[in-house]
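Remarks on the structure that follows.
Every number for a ligand or one of its atoms is a count from 1 in the order of the listing.
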Amino acid sequence: MADYDFDVLVIGAGPGGYVAAIRAAQLGLRVACAESRETLGGTCLNVGCIPSKAMLHASEYFDAAANGTMAKMGIKVTPELDLPTMHAQRSHAVKQLTGGIAFLFKKNKVEWLKGRGSFVDAHSVAVGDRVVTAKDIVIATGSSVAPLPGVEVDNDKQVVVDSTGALELARVPGHMVVIGGGVIGLELGSVWRRLGARVTCVEFLDQILPGFDGEIRKESNRIFKKQGIDFRLSTKVTAVSVDGDKAILTVEPAAGGAVETIEADCVLVSIGRRPNTAGLALDKAGLAANQRGQIEIDHDFRTGVPGIWAIGDVVPGPMLAHKAEDEGIAVAENIAGRHGIVNHDVIPSVVYTWPEIAGVGLTEEAARESGTGTGGEIKVGKFPMMANSRAKTNHEPDGFVKIIADAQTDRVLGVWAIASVAGTMIAEAGLAMEFGATSEDIAYTCHAHPTHSEAIKEAAMAVQGKAIHV
Ligand code: FAD
Ligand code: NAI
């Protein structure tokens, strides 16, 4: 048997890669992880989930003080924005968490290879000036911002930026135009709207948040409009030109029609992300990316080449940190000869706006179309947050919970929520679905009072037509 430097080499130290490396080391394997960034944690910890949530959390407080929510509770304050301090607490969170992964690597004896990995052959990878060999290699190189043809992002100038630039703006733009009404556009658009920017969101489709349940998309759109975000739906941006510190966007109806221009102080390009495979020299390992630039895998995360595995944003599926992490654990267990499994039907999605928007499982549209379950019939139960005692007391009236169940078996097929803490509430729904729960199982589970989660119980009761508080 060949003598390898490592049992496992992971390329990329994002939530997929670093978790795979740590789990493989826990299982007794000799592990190295190559990372081209200066710090560990990937997109998520450095320029994604964590810094965006730091800005969302801080700006939420600012907004509560500025928009009268605090005054309603008898707290009179006039907030003053100290943006450098807000950015400093964001950077501090990133530094602490990325440093935490370096500590975990040491603790678990994962060797951190600093540099960009590039295949030499199916068992050898060049990292910097070193070539290392491994019996198994996990590609976890993640994704990068998808460019918009004809639009040049320059994060340093802070006029046309991507998500990384939008996290670090040195001043609040007068008018920010967000291209793309997806997760990044709504989260980062919300941050700058709360801090005082006028925000316009240009979305190609006829509704924001593709992939989410139809009613949730419509209601979210209504709530964001109420908060002051201006939407230009069914509209495409065809060009952006920069003149000093201003940008001029050329837009037209998605179906074609009259062209207009919009002036902005800052343009955020957030039209999706694409997998990182360039520079990996996949061909030297006998691999190729598919037409969407992704690496195809089987149910066990194996690529077409024995000994090479792939996980996270670089493979087909939702680009989410928790999905990448779960795949990291599962791939390590499979490499170690165990049975790592990820149930891709039960991956929650959360938009961390105010209120939060969350879902797991099928949308109502998908459940109806797919004819899921027995006979394809479904039942839907809904409960408004307005009728939830805790949300009402906290001045959080917006949103609802919706449960979709199979009409004959009552098995829960999907749960969707708009609520201040929907991201936390959705974990219960995921657990219930993982255990194959019926809506009745949820309805007869005692939920603490007064909590937002009681809205999930009531929505489950509404599936049977017997919600109490509406
Ligand atoms: P990544 O995190 O992208 O990590 C891959 C790593 O590999 C990178 O550090 C990269 O430098 C490195 N790399 C690439 N090529 C090489 C190479 N050849 N050699 C060595 N290293 C290499 N998801 C959520 O679930 N919740 C959120 O709240 C959330 N917020 C987000 C906010 C923003 C602004 C963005 C941009 C993304 C957000 N995401 C969120 C998505 C989340 O960040 C990704 O789904 C997640 O990071 C994917 O993990 P990964 O390990 O597959 O890849
Ligand atoms: P996205 O795919 O969520 O949204 C992109 C939006 O841009 C879509 O609504 C699309 O219709 C629109 N669009 C595409 N081309 C357009 C054009 N030319 N003009 C106008 N609109 C256009 O992508 P986004 O927001 O960039 O996020 C990327 C990824 O990062 C997502 O897959 C998401 O999963 C992940 N992410 C997750 C977060 C979370 O879990 N809270 C937070 C931020 C990002």
Self-check item: Lys53 with Glu187: basic N within carboxylate O range, under 4.0 Å
Solution: yes
Exercise. Kindly indicate whether the side chain of Val240, heavy atoms from C-beta on, has any atom under 4.5 Å from the side chain of Val269.
Key: no
Quiz prompt | Beyond-backbone contact of Ile335 with Val138, side-chain heavy atoms, under 4.5 angstrom | solution = yes
Exercise. May I ask you to list the atoms of ligand 2 that are less than 4.0 angstrom from any heavy atom of Pro210?
Key: 8 (C), 9 (O)
Quiz item: Does the side chain of Pro275 come within less than 4.5 Å of Ile295's, by heavy atoms?
Solution: no
Quiz item: Looking at ligand 1, does any of its N/O atoms fall within less than 3.5 Å of an N/O of Leu320?
Solution: yes
Self-check item: Ile216 side chain near Phe400 side chain, heavy-atom distance below 4.5 Å
Solution: yes
Quiz item: In chain order, what residues pass the side-chain hydrogen bond (donor to acceptor under 3.5 Å, both in side chains) check against Gln26, with sequence neighbours excluded?
Solution: Arg23
Practice problem: Mind checking the OG1-NE2 spacing from Thr133 to His123? Nearest 0.5 Å is all I need. | Solution: 9.5 Å
Quiz item: Is there any N or O on Lys53 that sits under 3.5 Å from an N or O of ligand 1?
Solution: yes
Quiz prompt | Closest candidate by heavy atom, reference atom 31 (C) of ligand 1, pool Cys49, Ser144, Gly279, Ala140 | solution = Cys49
Quiz item: Hey, is Asp63 close enough to Arg193 for a salt bridge, meaning N to O under 4.0 Å?
Solution: yes
Self-check item: Cationic N near anionic O, under 4.0 Å, Arg222 to Glu219
Solution: yes
Self-check item: Residue portion contacting ligand 2 (non-hydrogen atoms closer than 4.0 Å) for Val350
Solution: backbone
Self-check item: Part of Val47 with heavy atoms under 4.0 Å of ligand 1, whether side chain, backbone, both or neither
Solution: backbone
Quiz item: Near Val202, which atoms of ligand 2 are under 4.0 Å from a heavy atom of that residue?
Solution: 20 (C), 21 (N)
Practice problem: Do me a favour and list the nearest non-hydrogen protein atom to atom 16 (C) of ligand 1 with residue, atom name and distance? | Solution: Thr141 CG2, 3.6 Å
Quiz item: N/O of Gly117 under 3.5 Å from N/O of ligand 1, yes or no?
Solution: yes
Quiz item: Does Arg273 reach ligand 1 with a nitrogen or oxygen that is under 3.5 Å from one of the ligand's nitrogen or oxygen atoms?
Solution: no
Exercise. Note the single closest protein heavy atom to atom 21 (N) of ligand 1, along with its residue, its atom name and the distance in Å.
Key: Ser36 N, 3.2 Å
Practice problem: For atom 21 (N) of ligand 2, find the nearest protein heavy atom and state the residue, atom name and distance (0.1 Å precision). | Solution: Phe204 N, 3.2 Å
Exercise. Could you tell me how the ring of Trp112 sits relative to the ring of Phe105: parallel (under 30°), tilted (30 to 60°) or perpendicular (over 60°)?
Key: perpendicular
Quiz item: Is ligand 1 less than 4.0 angstrom away from at least one heavy atom of Ser118?
Solution: no
Exercise. Decide, yes or no, whether a salt bridge links Arg30 with Asp7 under the criterion of side-chain N to carboxylate O below 4.0 Å.
Key: yes
Quiz item: What atoms of ligand 2 come closer than 4.0 angstrom to any heavy atom of Leu205?
Solution: 11 (O)
Self-check item: Main-chain N/O of Thr451 paired with Asn388 side-chain donor or acceptor, under 3.5 Å
Solution: yes
Quiz item: Against heavy atoms of Leu148, which atoms of ligand 2 measure under 4.0 Å?
Solution: 18 (N)
Quiz item: Can you tell which of Asp298, Leu287, Ile137 makes a side chain to side chain contact (heavy atoms under 4.5 Å, CB included) with Thr303?
Solution: Leu287
Practice problem: Can you pull out the closest protein heavy atom to atom 9 (O) of ligand 2? Residue, atom name and distance to 0.1 Å, please. | Solution: Glu203 OE1, 2.6 Å
Quiz item: Which heavy atom of the protein is the closest neighbour of atom 30 (O) of ligand 2, given with residue, atom name and distance?
Solution: Arg273 CD, 3.6 Å
Quiz prompt | Crowding at CZ, Arg37 (>12 non-hydrogen neighbours, <6.0 Å) | solution = yes
Exercise. Distance to 0.1 Å, residue and atom name: give those for the protein heavy atom nearest to atom 1 (P) of ligand 2.
Key: Gly182 CA, 4.1 Å
Quiz item: Looking at Met319, which atoms of ligand 2 are within less than 4.0 Å of one of its heavy atoms?
Solution: 32 (O), 33 (C), 34 (O), 35 (C)
Practice problem: Kindly confirm or rule out an N or O of Ile11 lying under 3.5 angstrom from an N or O of ligand 1. | Solution: no
Quiz prompt | Ligand-residue contact atoms, ligand 2 with Ile179, heavy atoms, under 4.0 Å | solution = 19 (N), 20 (C)
Quiz prompt | Heteroatom proximity flag, Tyr352 to ligand 1, N/O under 3.5 Å | solution = no
Quiz item: When you look for heavy atoms under 4.0 Å from ligand 1, do you find them on the side chain of Leu280, its backbone, both, or neither?
Solution: side chain
Quiz item: Heavy atom under 4.0 Å from ligand 2: found in Leu209's side chain, backbone, both, or neither?
Solution: neither
Exercise. State whether the shortest distance between N or O atoms of Arg37 and N or O atoms of ligand 1 falls below 3.5 angstrom.
Key: yes
Quiz item: Looking only at protein heavy atoms, which one is nearest to atom 43 (C) of ligand 2, and how far off is it?
Solution: Ile184 CG1, 3.3 Å
Quiz prompt | N/O separation below 3.5 Å, Glu187 to ligand 1 | solution = no
Quiz item: Is the closest basic N to carboxylate O distance between Glu365 and Arg217 below 4.0 Å?
Solution: no
Quiz item: Hey, mind stepping through Val415 and Lys402 against side-chain contact (heavy atoms from CB on, under 4.5 Å) and telling me if it holds?
Solution: CA-CA 6 Å; Val415 179; Lys402 170 174 180 175; over 6 Å; no
Quiz item: Between Ala321 and ligand 1, does any nitrogen or oxygen pair lie at a separation below 3.5 Å?
Solution: yes
Exercise. Would you mind telling me if ligand 1 is within reach of the side chain of Ala324, the backbone, both or neither, using heavy atoms under 4.0 Å?
Key: side chain
Exercise. For the residue pair Met55 and Pro51, establish whether any side-chain heavy-atom pair is separated by less than 4.5 Å.
Key: no
Exercise. Identify the protein heavy atom lying closest to atom 35 (C) of ligand 1, giving its residue, its atom name and the separation to 0.1 Å.
Key: Gly48 CA, 3.6 Å
Quiz item: How far is atom 7 (O) of ligand 2 from its nearest protein heavy atom, and which residue and atom is that?
Solution: Gly180 CA, 3.2 Å
Practice problem: Within a distance under 4.0 Å of any heavy atom of Ser52, pick out the atoms of ligand 1 and give their elements. | Solution: 32 (C)
Quiz prompt | Met319 N/O under 3.5 Å from ligand 1 N/O | solution = yes
Quiz item: Under the criterion side chain to side chain contact (heavy atoms under 4.5 Å, CB included), which of Ile357, Val351, Leu186 is the partner of Ile208?
Solution: Leu186
